There are 4 protein chains.
Amino acid sequence: MTKEKILKAAINQYSLHNYHGATMKKIADEVNIKPASIYFFYKNKEELFLAAFKWILESHFTYIQNIMGEVIEQPILKIYQTIIRKTVAYHSERQNETNAYISLVNSPPAEIKPFLHHHMQHFDSWMEQTLTEQMQKKYPDISEEKIIKITKQFLIIMDGIFWEINLYEKEELERQIEYAINIIECLLREEVK
Amino acid sequence: MTKEKILKAAINQYSLHNYHGATMKKIADEVNIKPASIYFFYKNKEELFLAAFKWILESHFTYIQNIMGEVIEQPILKIYQTIIRKTVAYHSERQNETNAYISLVNSPPAEIKPFLHHHMQHFDSWMEQTLTEQMQKKYPDISEEKIIKITKQFLIIMDGIFWEINLYEKEELERQIEYAINIIECLLREEVK
Amino acid sequence: MTKEKILKAAINQYSLHNYHGATMKKIADEVNIKPASIYFFYKNKEELFLAAFKWILESHFTYIQNIMGEVIEQPILKIYQTIIRKTVAYHSERQNETNAYISLVNSPPAEIKPFLHHHMQHFDSWMEQTLTEQMQKKYPDISEEKIIKITKQFLIIMDGIFWEINLYEKEELERQIEYAINIIECLLREEVK
Amino acid sequence: MTKEKILKAAINQYSLHNYHGATMKKIADEVNIKPASIYFFYKNKEELFLAAFKWILESHFTYIQNIMGEVIEQPILKIYQTIIRKTVAYHSERQNETNAYISLVNSPPAEIKPFLHHHMQHFDSWMEQTLTEQMQKKYPDISEEKIIKITKQFLIIMDGIFWEINLYEKEELERQIEYAINIIECLLREEVK
DNA sequence: GATGAATGAGCATTCATTCAT
DNA sequence: GATGAATGAATGCTCATTCAT
């Protein structure tokens with residue numbers, strides 16, 4: 001119970017102030033305990049943040065997996081649309097986790113780099129594989145090469161939108177999402193014919 | 001001379017450890033001076049980093065402006081291609097500046113936020129305006145609406161590639177760039193007729 | 001316990017070196033703790049010194065109030081005599097507090113000025129009022145104007161003696177006190193008739 | 001020229017911030033030179049302030065001597081009156097020097113203590129001697145004992161007023177001065193009869 | 001489980017001082 | 001005479017961590 005609250009507070013503090021700015025005191029304050037008490041649950045700051053980062057990455061992963069599970073039977077464009085929209089929705093609603101995630105990915109504390117790298121690779125290949133699998137099932141005529149291409153292109157667009165989550169205001173972001181979906185439509189129209 | 005070296009060291013440290021983790025000591029060590037000496041050139045840490053950020057943003061801006069100047073007369077696809085390729089090249093060669101830039105954009109120290117926001121807006125609107133202008137000149141028949149759309153879509157792709165600079169190894173990044181250019185081709189083919 | 005010791009050490013250091021010269025290190029050394037530990041009890045240097053000053057002023061105030069309470073029923077000359085003698089005794093025995101008090105009054109750190117001013121005013125008006133009240137009770141025939149005058153004159157003499165506490169050796173100070181009391185006798189003789 | 005300006009600036013800074021708060025930088029700024037330049041004229045901070053303190057003490061001494069010279073032929077009450085009034089005027093017009101003087105006297109930097117003590121003694125005995133001499137000349141019938149007593153009492157009152165220079169606003173100070181003169185009148189009336 | 005008290009290490013910053021120019 | 005550049009030492013303060021209770 002308390003342990004979990006500490007974890008959440010750590011994430012929040014990390015998202016607000018980065019690793020170096022997220023102090024044990026601030027975390028403790030957020031949970032309404034004293035800094036010394038954190039050490040009953042976590043060996044030290046590094047361990048706490050390792051746990052926090054794992055939690056962020058895993059819950060993000062799980063969430064996307066769930067979405068994927070829900071839409072997997074739908075037509076391919078619908079899948080793409082849903083992933084983009086839900087991902088944005090997820091991250092817009094959890095700005096602090098997203099912030100933490102972004103700075104984590106971009107400038108990870110040295111201790112975490114190997115773990116992070118492994119996770120990213122895992123996530124990416126899972127996403128790629130799942131998407132290509134579905135396309136192959138739905139469009140058995142299209143060459144594997146083309147399918148991989150379209151999947152990778154989708155990832156570029158996803159990444160572009162992801163980067164923009166933090167930069168644009170809500171309305172403008174909506175518009176960008178529409179534009180992004182238009183791109184995918186365009187790609188599919190051409191490739192799938 | 002020393003002042004410049006301090007600036008560069010600050011950028012490097014910021015890229016490695018974020019604002020809070022980049023200490024005056026680390027910067028001084030990199031320049032082979034004592035921390036106290038930094039204060040002869042910069043009033044305090046904040047001022048030093050403001051100077052560093054300005055330098056990054058301005059040199060990035062100048063660089064893109066130059067590229068734009070060089071390719072502006074070329075066909076529109078060529079323009080897009082060149083911007084993507086050169087931007088990636090620029091940032092790949094200056095990983096530390098880019099890292100600094102990315103963490104700056106994603107989790108700016110509160111003191112810098114207003115300045116940063118102003119700059120981003122300026123850069124974005126300049127890019128959009130320059131690109132739409134060129135398209136209007138080259139395709140006077142296409143509606144303004146469509147031109148804006150394609151420009152914004154280009155920006156999504158740019159952002160996607162930008163985000164991936166840090167994530168992918170060199171070769172894979174090359175491939176992603178090719179895919180990105182393919183997307184633009186696809187979009188142009190359809191919209192421009 | 002420790003908190004109190006820190007307070008006393010702060011007063012002592014302040015009396016020795018003024019506000020700026022009294023460093024957290026010197027205070028900590030005096031208490032046999034490390035400077036960082038002070039911050040467990042006091043938020044910062046300013047708060048510590050505010051507490052110290054309050055303590056000095058209040059204990060001085062309380063002391064004088066007690067004296068006044070004890071002699072209030074005595075003849076007026078006796079009251080004046082006792083106040084002077086006991087004040088000097090009090091301050092002679094607590095040279096460091098007195099020194100701190102004096103430099104506080106004469107060159108207060110800007111942060112403390114308002115608090116100090118308020119206290120001084122309070123003390124002064126209390127003293128004046130109490131003394132005039134007693135005189136009015138004991139000499140109902142003397143005009144208020146005259147009573148105020150004699151009270152104010154007493155304060156001048158008090159201030160003179162107070163200033164001299166630090167300047168004269170013990171014996172010479174005794175003699176000055178006698179002279180001061182003689183002045184008051186002279187004033188009373190004339191005014192009271 | 002510059003040397004003198006530095007001296008004056010040092011006094012001013014000392015009066016504003018005490019010895020520890022009066023930095024070489026602040027002094028240099030006031031003279032519009034760089035801190036390094038001060039060292040051309042003074043060996044170090046201590047020497048500068050020693051010079052400054054000497055200057056304050058001596059000019060104060062000289063001033064009082066001049067006043068004394070001017071009024072020495074006048075009746076004794078007039079002498080007392082003038083000394084009080086002119087001393088207050090002098091110090092009111094040079095609040096910074098006075099402040100410096102007061103904190104100097106009350107909490108002198110350890111290095112200066114012996115010099116200061118010697119000076120104070122010299123000043124006090126000169127004042128006492130001059131005044132008693134004059135009284136003896138003007139009232140040859142009064143016993144030496146009585147004369148010394150009245151002189152010392154005058155010094156108490158002077159000290160009281162001196163202490164109040166910093167505490168009271170202008171108008172209230174005027175009133176206190178009147179009261180002080182009244183005291184002296186009272187003393188003279190009685191002793192001189 | 002929780003915390004009061006303490007500390008070592010480190011941080012940004014200031015300051016008196018030096019020295020070559 | 002004056003200063004730009006540099007620094008050692010110190011200062012107020014923060015922070016992760018420990019440990020007895």
Side-chain angles (χ1 to χ4, degrees), chain A residues 1-3 5-6 17 19-28 31-49, chain B residues 1-3 5-6 17 19-28 31-49, chain C residues 1-3 5-6 17 19-28 31-49, chain D residues 1-3 5-6 17 19-28 31-49:
Chain A
M1 197 63 224
T2 303
K3 190 170 181 177
K5 279 201 239 164
I6 293 171
H17 312 288
Y19 183 73
H20 284 102
T23 70
M24 299 303 259
K25 168 107 176 51
K26 282 178 194 152
I27 294 164
V31 189
N32 259 319
I33 55 174
K34 304 293 161 188
S37 307
I38 296 177
Y39 291 84
F40 184 81
F41 300 99
Y42 297 94
K43 212 184 89 203
N44 53 30
K45 201 187 171 187
E46 196 181 320
E47 205 180 274
L48 167 57
F49 278 102
Chain B
M1 200 59 227
T2 304
K3 190 171 182 178
K5 279 200 245 168
I6 294 171
H17 311 288
Y19 181 74
H20 283 105
T23 70
M24 300 303 259
K25 168 104 174 52
K26 284 178 193 154
I27 294 166
V31 189
N32 259 319
I33 56 173
K34 306 294 162 190
S37 304
I38 297 176
Y39 292 84
F40 182 77
F41 299 98
Y42 297 93
K43 215 183 83 205
N44 52 31
K45 201 185 170 186
E46 194 182 323
E47 204 182 273
L48 168 57
F49 279 103
Chain C
M1 201 60 227
T2 303
K3 190 170 182 177
K5 279 200 244 166
I6 293 171
H17 311 288
Y19 183 74
H20 282 106
T23 70
M24 300 305 258
K25 169 106 175 49
K26 282 178 194 155
I27 295 165
V31 188
N32 258 318
I33 55 173
K34 307 294 162 190
S37 305
I38 297 175
Y39 292 85
F40 182 77
F41 300 98
Y42 298 93
K43 216 184 83 204
N44 52 31
K45 201 185 171 186
E46 193 181 325
E47 205 182 272
L48 168 57
F49 278 103
Chain D
M1 196 61 221
T2 304
K3 189 170 182 177
K5 279 201 239 164
I6 293 171
H17 312 289
Y19 183 72
H20 285 101
T23 71
M24 300 302 259
K25 168 109 179 48
K26 282 180 194 153
I27 294 165
V31 189
N32 260 321
I33 56 175
K34 304 293 162 189
S37 307
I38 296 176
Y39 292 82
F40 184 81
F41 299 99
Y42 298 93
K43 210 184 91 204
N44 53 29
K45 200 186 171 187
E46 197 181 320
E47 205 181 274
L48 167 57
F49 278 101

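A quick note: this is a predicted structure, and the numbers were derived from the prediction, not measured. Just so we're on the same page: letters track the sequence lines, and every chain starts at 1. The figures here come from the full heavy-atom set of this structure, side chains too, leaving out hydrogens, waters and symmetry mates.
One interatomic measurement links the two molecules: CD1 of I6(B) to C1' of dT7(F), which rounds to 13 Å at whole-angstrom precision. Whole-Å rounding puts the Y19(C) OH to dT11(F) C1' distance at 12 Å. Counting to the nearest Å, the P atom of dG12(F) and the CE atom of M24(B) are 20 Å from each other. The nearest whole Å value for the distance from the CG atom in N32(C) to the P atom in dA5(E) is 18 Å. When rounded to the nearest whole Å, the span between NE2 of H17(B) and C1' of dG10(E) equals 14 Å. With rounding to whole Å, Y42(B) atom OH is found 20 Å from dT14(E) atom C1'. dA5(F) atom P lies 5 Å from atom CZ of F41(B), rounded to whole Å. One atom, NZ of K25(A), and another, P of dT17(F), lie 16 Å apart when rounded to the nearest Å.
Side-chain atoms of Y42(B) come within 3.5 Å of backbone atoms of K3(B) as a donor-acceptor pair (strictly under, hydrogens ignored). Without hydrogens or angle criteria, K43(B) side chain to L48(B) main chain gives no donor-acceptor distance under 3.5 Å. Side chain of K34(B) to backbone of K25(B): no donor-acceptor contact under 3.5 angstrom is found.
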- Note on the structure: Taking Watson-Crick and G-U wobble contacts under 3.5 angstrom, with | marking pairs to another strand and [ ] crossing pairs, the secondary structure of DNA chain E is written .||||||||||||||||||||
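In this model, the phosphate group of dA5(E) is not approached by any side-chain N or O of T2(C) to a distance below 4.0 Å at OP1 or OP2.
In terms of position along DNA chain F, the nucleotide closest to F40(B) lies nearer the 5' end than the nucleotide closest to the other residue of the pair F40(B) and E46(A). Between I33(C) and K45(D), the residue anchored closer to the 5' end of DNA chain E is I33(C), taking for each the nucleotide with the nearest heavy atom.
Here S37(A) lies in heavy-atom contact (under 4.0 Å) with a base. Across all strands, A28(B) comes closer than 4.0 Å to no nucleic acid atom at all (heavy-atom distances).
A cation-pi arrangement is present between K45(B) and Y19(B) under the rule of less than 6.0 angstrom and at most 45 degrees off the ring axis.
The listed nucleotides are dT14(F), dA12(E), dT7(F); the one nearest the side chain of Y39(C) is dT14(F). Taking only side-chain atoms of N44(A), from C-beta outward, the nucleotide of dT17(F), dG12(F), dG1(E) with the closest atom is dT17(F). The side chain of K34(A) approaches dG4(E) more closely than any other nucleotide in the set dG12(F), dA2(E), dG4(E). Side-chain proximity of A36(A) to the nucleotides dA12(E), dG4(E), dG8(E) is greatest for dG4(E).
Note that CD1 of I27(D) and CD1 of I33(D) are 9.5 Å apart. Values are rounded to the nearest 0.5 Å. To the nearest 0.5 angstrom, H20(C) atom NE2 is 8.0 Å from H17(D) atom NE2. The OH atom of Y39(D) sits 3.5 Å away from the CE atom of M24(D) when rounded to the nearest 0.5 Å.
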